[in-house]
Amino acid sequence: MRRTHLHFAALATAVAAAGLALPVGADATTAPVPAPVGSGQSTSGFPKPNLYVSPYGEAKGTISAETRAWLAGRHATLGTIAPWKTPDNGKTFSLPIGTEANDTVSTLEGGVLISYPAGFTFRFPQDDGHDTVVDFAPTYIRLAPTDWSVTVVVDGAVVAEKIPMGTISTAGSLATLQPTLTGYKLSNVDVYWTKQMSELLAGTTNGTGPTAGSLALSFTPYFDSVPGVHH
């Protein structure tokens, strides 16, 4: 399959101008990938890439105060599924990005879809003494329209695939696009909880979900053309 490197500025311009899938030289197909390393296993297939933004990179983010307060109210904890990391008990997170980190970019499903094979994991204590474990993996960021979607795995069983976890402003995100010495970055992209995810979490964990429309997290992705860059 021919894979096309797509300069990120060109990707941003095309998405902003057209709001449509980008033309590429080969169609994407679906292939199974290993299940994420976590408490649950997803049966989702991953789209094979028919284009890519960068071979290397990193994204760093912050879990919002609103989300941390909701988790604290539920006595719940947030973690990550490798290779994602959260070094400070769920306040911030980081993940490798780019084709060398096994994420893919495809033009399936009416838009540009960036797929990551891992994500977040939540633990919700229950009255009977056990924890309900919710994995958000794989993770998908869709451009035009823009959202942060996930496959939801509750106690090892897939309950929803590619469900929007949060909304992202396409125009607001692209407005932060700027070059770096090794590529490009988007700065502090905000993700807001969807009503659909709030209701799903409330129903599957026997408690309240996050407030729909509240800030879930912010993240800054760095798209690099060379390996080993520390941001």
Side-chain angles (χ1 to χ4, degrees), residues 12 15-16 19 36 38 40 42 44 53 58-74 76-81 84-86 90-95 97 103-105 108-124 134-154 158-177 185-205 207-221:
V15 171
S42 171
S44 300
V53 176
E58 180 183 29
K60 293 185 174 182
T62 301
I63 304 301
S64 73
E66 296 94 323
T67 297
R68 295 200 307 271
W70 163 66
L71 289 169
R74 294 288 313 274
T77 59
L78 180 148
T80 51
I81 299 169
W84 293 31
K85 297 178 181 178
T86 177
K91 293 182 180 179
T92 64
F93 64 95
S94 65
L95 60 141
I97 62 176
D103 65 79
T104 68
V105 183
L108 293 177
E109 303 176 32
V112 178
L113 189 70
I114 307 175
S115 306
Y116 303 89
F120 297 114
T121 185
F122 301 84
R123 301 187 74 92
F124 296 88
V134 181
D135 292 338
F136 282 3
T139 300
Y140 309 90
I141 297 179
R142 191 190 318 273
L143 304 179
T146 309
D147 64 41
W148 179 304
S149 294
V150 295
T151 289
V152 181
V153 181
V154 178
V158 176
V159 299
E161 296 196 53
K162 294 183 182 174
I163 180 175
M165 182 200 87
T167 59
I168 302 172
S169 167
T170 303
S173 300
L174 292 178
T176 72
L177 177 69
K185 73 173 183 177
L186 297 172
S187 298
N188 296 317
V189 178
D190 292 333
V191 182
Y192 297 89
W193 287 106
T194 63
K195 184 174 184 289
Q196 188 176 10
M197 182 58 74
S198 176
E199 292 175 346
L200 186 149
L201 285 172
T204 56
T205 64
T208 59
T211 301
S214 67
L215 182 65
L217 58 90
S218 300
F219 71 104
T220 297

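The first residue in the sequence is number 1, and the count goes up from there.
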For the student: nearest non-hydrogen atoms of [X] and [Y], plus distance:
| X | Y | answer |
| --- | --- | --- |
| F122 | L78 | CE2-CD1, 3.4 Å |
| S173 | I168 | OG-CG2, 3.2 Å |
| T220 | K185 | CG2-CD, 4.3 Å |
| G209 | A202 | N-CB, 3.6 Å |
| V153 | A137 | CG2-O, 4.2 Å |
| Y192 | G213 | CD2-O, 3.5 Å |

Nearest 0.5 Å, please: how far is [atom2] in [Y] from [atom1] in [X]?
| X | Y | atom1 | atom2 | answer |
| --- | --- | --- | --- | --- |
| K91 | S64 | NZ | OG | 13.5 Å |
| L217 | T92 | CG | OG1 | 11.5 Å |
| E58 | L95 | CD | CG | 8.0 Å |
| S149 | I114 | OG | CD1 | 12.0 Å |
| M165 | L201 | CE | CG | 9.5 Å |
| D135 | R123 | CG | CZ | 9.0 Å |

Would you confirm whether [X], through its side chain, and [Y], through its main-chain N or O, come within 3.5 Å as a donor-acceptor pair?
| X | Y | answer |
| --- | --- | --- |
| W193 | T67 | no |
| T205 | F124 | no |
| T151 | E161 | no |
| T194 | P164 | yes |
| T139 | A118 | yes |
| R68 | I63 | yes |
| T146 | S169 | no |
| S198 | P210 | yes |

Does some side-chain heavy atom of V152 sit less than 4.5 Å from a side-chain heavy atom of M197? yes
With heavy-atom distances below 4.5 Å as the criterion, would you say the side chains of T211 and W70 are in contact? no
Could you check T176 against N188 for side-chain contact (heavy atoms from CB on, under 4.5 Å), going step by step and ending with a plain yes or no? CA-CA 8 Å; T176 72; N188 296 317; over 6 Å; no
side-chain contact (heavy atoms from CB on, under 4.5 Å) evaluation trace for V150 with I163: CA-CA 6 Å; V150 295; I163 180 175; 4.2 Å; yes
Of F136, W84, F219, the residue whose pairing with F120 passes ring-ring contact (aromatic ring centres under 6.0 Å, His included): W84
